[in-house]
**Q** 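Below is one structure. I have some questions about it.
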Amino acid sequence: MTAYHAELIPRSPFSFDLTCQAMAAHTGGPVALDTYEGGVFRRVLSRDGRALLVSARSEGSVDRPRLMVEVWGDAVEPDDAKWASGWIRHLLATDEDLAAFYDAVGGDPTLGKVLARLHGLSPGRAATVFEALVLSIIGQQIAATVARLIRADLLQVYGTPVRRDGATYYGFPGAETLLAAGTDGLRKLRLSQRKAEYILGICEGVGTGTLDLEGMASLTREEVVGRLVRVRGIGPWTAEWVLGRALGRLDAFPAGDLALQRTLSRLYGDGRSLSERETADMGRRWEGYQGLVVTYLFAALRLRLLDEIQA
DNA sequence: AGCCAGGCTCTCG
DNA sequence: CGAGAGCATGGC
C-alpha cells in the first residue's frame, strides 16, 4: 500500500481542530464515519470501486491555514491525491467565507461571545445527500446517544471497511447495500419498522432514479425542501438538516429542532420553551446565515460554552 | 418505573 | 388547518 499527498489552503480564518471536532460529533460514536484522532481527520471514500482512506492534518494555524491531505489504499494512484483534496475541501468546507459571517452577525453581543470562542469553525458537510438523509432519519426523535450506537452498528455491519495500522475505518454503505439488507436487516440495528421503511424507500428511489438526491445541489433552497418533504419519512426538520449538512446551505434552519429551541430560549428567551414558529421568527435575525448560527450554537452546546457565555 | 430524546406519519375533529 | 397517538431504544 502506498500513499499520495496534496496540499490544501483553506480560506482564512479556518480552525482545523474545531471543524474536525464538530464533524466527529455529527457522525461519530463507538464506530465513526468521520474520525478525528491525534490531530488527523480520516474518512473512507470510494472512487471507481476502490475504497480509499482520505486523511488530513493541519500544518498551519487558524489565520494561516494549511492542510496536508493524504490518500491511502489498494491500487491508489497519484491522481487520487487531487481527488482526495477536493473531498476534504467539500467535507470541511474550507472555502467558506467565515469573515463575512462574523461581520454580518457579530454585532449581537450574545452571539458575538460564541463566535469569539469558536473562531474559525467551519460548517462541515456530509459526503453525500444520501448519507446525510439516512443519518438524519436514524437520528429523528431518539436521544443523541442512542443515535450514535445505531450509527456505529450500521457502519460495522454494512459499511465499507478499510484496515490500516490495526485500526478499521468504515465508508458509508451505498443504497444497494441497504436495499439488500432489507427491513429485517435494518430492524436488527434497532431501528423502528417505520424508519426501516423510510430508509428503504429512499434507497429504492435512488436506485431506480426517481429520487435524484445528489442533483439537488443545483436547486434553490425552496426547491430542495419542497422535493425532500414529499418523500415519506422526510419532514421539515430532516429537510432543513440535510440542506445544511449535505448541501452546505448557510441559511438552512431546522426550527423544529428541540435542542435548538431550548438553546435559543436559554440565550434569548425568558426560559419558557420556544415553539417552532417562535424559533423560526428568531432565525430571521440572522437572515442568510441562520444555518451557520445553528452550527455555532450546537458546537457551543457540545463544548459546554453556554454557561460561561450566559453569565 | 416512567418519561423523554436534535420527528414523522396517520388519524380525527 | 391543529391536536394527539404511536413508534424503538437507552439514560436519567
Side-chain angles (χ1 to χ4, degrees), chain A residues 21-34 114 121 123-126 131-157 181-205 211 225-246 249 252-267 269 273-280 282-283 290-306:
Chain A
Q21 276 184 49
M23 285 294 278
H26 279 124
T27 69
V31 178
L33 182 56
D34 297 293
V114 177
L121 168 65
R125 305 180 185 128
E131 167 192 313
L133 209 40
V134 172
L135 292 179
S136 299
I137 288 173
I138 290 175
Q140 284 172 2
Q141 166 61 20
I142 60 174
T145 49
V146 180
R148 274 193 281 276
L149 296 173
I150 295 179
R151 280 200 303 255
D153 284 358
L154 174 74
L155 288 177
Q156 259 182 327
V157 178
T183 313
D184 293 345
L186 295 184
R187 292 222 56 181
K188 283 205 186 83
L189 302 175
R190 292 163 294 178
L191 288 171
S192 64
Q193 173 72 28
R194 285 229 288 254
K195 283 188 181 179
E197 287 169 9
Y198 297 161
I199 291 172
L200 287 175
I202 289 165
C203 290
E204 219 173 287
L211 182 59
V225 173
R227 290 191 194 191
L228 284 178
V229 167
R230 228 171 296 156
V231 178
R232 188 168 128 89
I234 306 178
W237 178 84
T238 306
E240 292 289 334
W241 192 249
V242 166
L243 192 67
R245 276 286 302 156
R249 303 296 167 86
F253 197 72
D257 190 296
L258 260 182
L260 178 61
Q261 291 171 1
R262 285 195 309 248
T263 304
L264 286 176
S265 162
R266 225 179 122 179
L267 291 178
S273 69
L274 292 170
S275 70
E276 178 164 356
R277 178 170 295 169
E278 290 170 315
T279 306
M282 199 169 283
Q290 307 96 305
L292 213 31
V293 169
V294 173
T295 299
Y296 276 72
L297 290 181
F298 281 165
L301 201 58
R302 279 195 302 276
L303 298 172
R304 304 181 190 291
L305 301 177
L306 292 181

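First the proteins, then the strands, lettered A, B, ... as listed; each starts at 1.
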**Q** Between dG7(B) atom C1' and L133(A) atom CG, what is the distance in whole Å?
**A**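 To the nearest whole Å, that distance equals 13 Å.
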
**Q** For V231(A), answer base if it contacts any base atom (sugar-phosphate contacts may also be present), sugar-phosphate if it contacts only those atoms, and nothing otherwise; contact means non-hydrogen atoms under 4.0 Å.
**A**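 Sugar-phosphate contact only - V231(A) comes under 4.0 Å of backbone atoms but never of a base.
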
**Q** What is the separation between atom CZ on R148(A) and atom P on dA5(B), rounded to the nearest whole Å?
**A**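 Distance, rounded to whole Å: 16 Å.
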
**Q** If I take atom CG in residue D257(A) and atom P in nucleotide dA5(B), what distance separates them, rounded to the nearest angstrom?
**A**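 For the pair D257(A) CG and dA5(B) P, the rounded distance is 11 Å.
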
**Q** Contact class for T238(A) vs. all strands (heavy atom < 4.0 Å): base, sugar-phosphate, or nothing?
**A**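 Touches sugar-phosphate only.
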
**Q** Given atom CZ of R262(A) and atom P of dC4(B), what is their separation to the nearest angstrom?
**A**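 Rounded to the whole Å, the gap is 12 Å.
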
**Q** Distances under 3.5 Å between protein N/O atoms and the N/O atoms of nucleotides 7-9 of chain C, please, pair by pair.
**A**
unit_1 : atom_1 : unit_2  : atom_2 : d
dA8(C) : OP1    : Q193(A) : N      : 2.4

**Q** Answer yes or no: is there a side-chain heavy-atom contact under 4.5 Å between Y198(A) and I234(A)?
**A**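 No. Closest side-chain heavy atoms not under 4.5 Å.
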
**Q** Does any non-hydrogen side-chain atom of L154(A) lie less than 4.5 Å from one of L191(A)?
**A**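 SC-SC contact between L191(A) and L154(A) ruled out.
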
**Q** Output the distance between atom OG (S136(A)) and atom CD (E131(A)), rounded to the nearest 0.5 Å.
**A**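 With rounding to 0.5 Å, OG (S136(A)) is 9.5 Å from CD (E131(A)).
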
**Q** Determine, stepwise, if the pair T238(A) / Q140(A) fulfils side chain to side chain contact (heavy atoms under 4.5 Å, CB included).
**A** CA-CA 8 Å; T238(A) 306; Q140(A) 284 172 2; 2.9 Å; yes

**Q** Decide yes or no on side chain to side chain contact (heavy atoms under 4.5 Å, CB included) for I137(A) and I202(A), but give the supporting numbers first.
**A** CA-CA 11 Å; I137(A) 288 173; I202(A) 289 165; 3.4 Å; yes

**Q** For L301(A), report the nucleic acid contact type (base, sugar-phosphate, nothing); a contact means any heavy atom under 4.0 Å.
**A**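 L301(A): no heavy atom of the nucleic acid under 4.0 Å.
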
**Q** To the nearest Å, give me how far apart CD1 (I234(A)) and C1' (dC10(B)) are.
**A**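 It is 18 Å, rounded to the nearest whole Å.
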
**Q** Could you give the distance from OG1 (T263(A)) to CG (L301(A)), rounded to the nearest 0.5 Å?
**A**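 So the OG1 of T263(A) and the CG of L301(A) are separated by 4.5 Å.
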
**Q** In Å and rounded to the nearest 0.5 Å, what is the CG to CZ distance from L260(A) to F298(A)?
**A**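 Those atoms lie 5.0 Å apart.
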
**Q** Look up atom CG in L135(A) and atom CG in L155(A), then write down how far apart they are to the nearest 0.5 Å.
**A**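 The distance works out to 7.5 Å.
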
**Q** Does a side-chain N or O from R232(A) land closer than 4.0 Å to OP1 or OP2 of dC10(B), or not?
**A**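 The answer is yes; a side-chain N or O of R232(A) sits under 4.0 Å from OP1 or OP2.
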
**Q** What integer number of Å spans the P atoms of dA8(C) and dC10(B)?
**A**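 To the nearest whole Å, 14 Å.
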
**Q** In whole Å, I'd like the distance from the CH2 atom of W237(A) to the C1' atom of dC8(B).
**A**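 Roughly 11 Å, once rounded to whole Å.
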
**Q** Take R190(A) and L149(A) through the test side chain to side chain contact (heavy atoms under 4.5 Å, CB included) and record every step on the way to the result.
**A** CA-CA 9 Å; R190(A) 292 163 294 178; L149(A) 296 173; 4.0 Å; yes

**Q** Please work out if P236(A) contacts a base, only the sugar-phosphate, or nothing of the nucleic acid, heavy-atom cut-off 4.0 Å.
**A**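 Touches sugar-phosphate only.
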
**Q** I need the CG-C1' distance between L149(A) and dA5(B), as an integer number of Å.
**A**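 After rounding, the gap between these two atoms is 13 Å.
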
**Q** Given pairs defined as Watson-Crick or G-U wobble with both distances under 3.5 Å, what dot-bracket annotation applies to DNA chain B, with ( ) intrastrand, [ ] crossing, | other strand and . unpaired?
**A** .||||.|||||||

**Q** Q261(A) CD to dA5(B) P: how many Å, rounded?
**A**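 The distance from CD of Q261(A) to P of dA5(B) comes to 10 Å, rounded to the nearest Å.
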
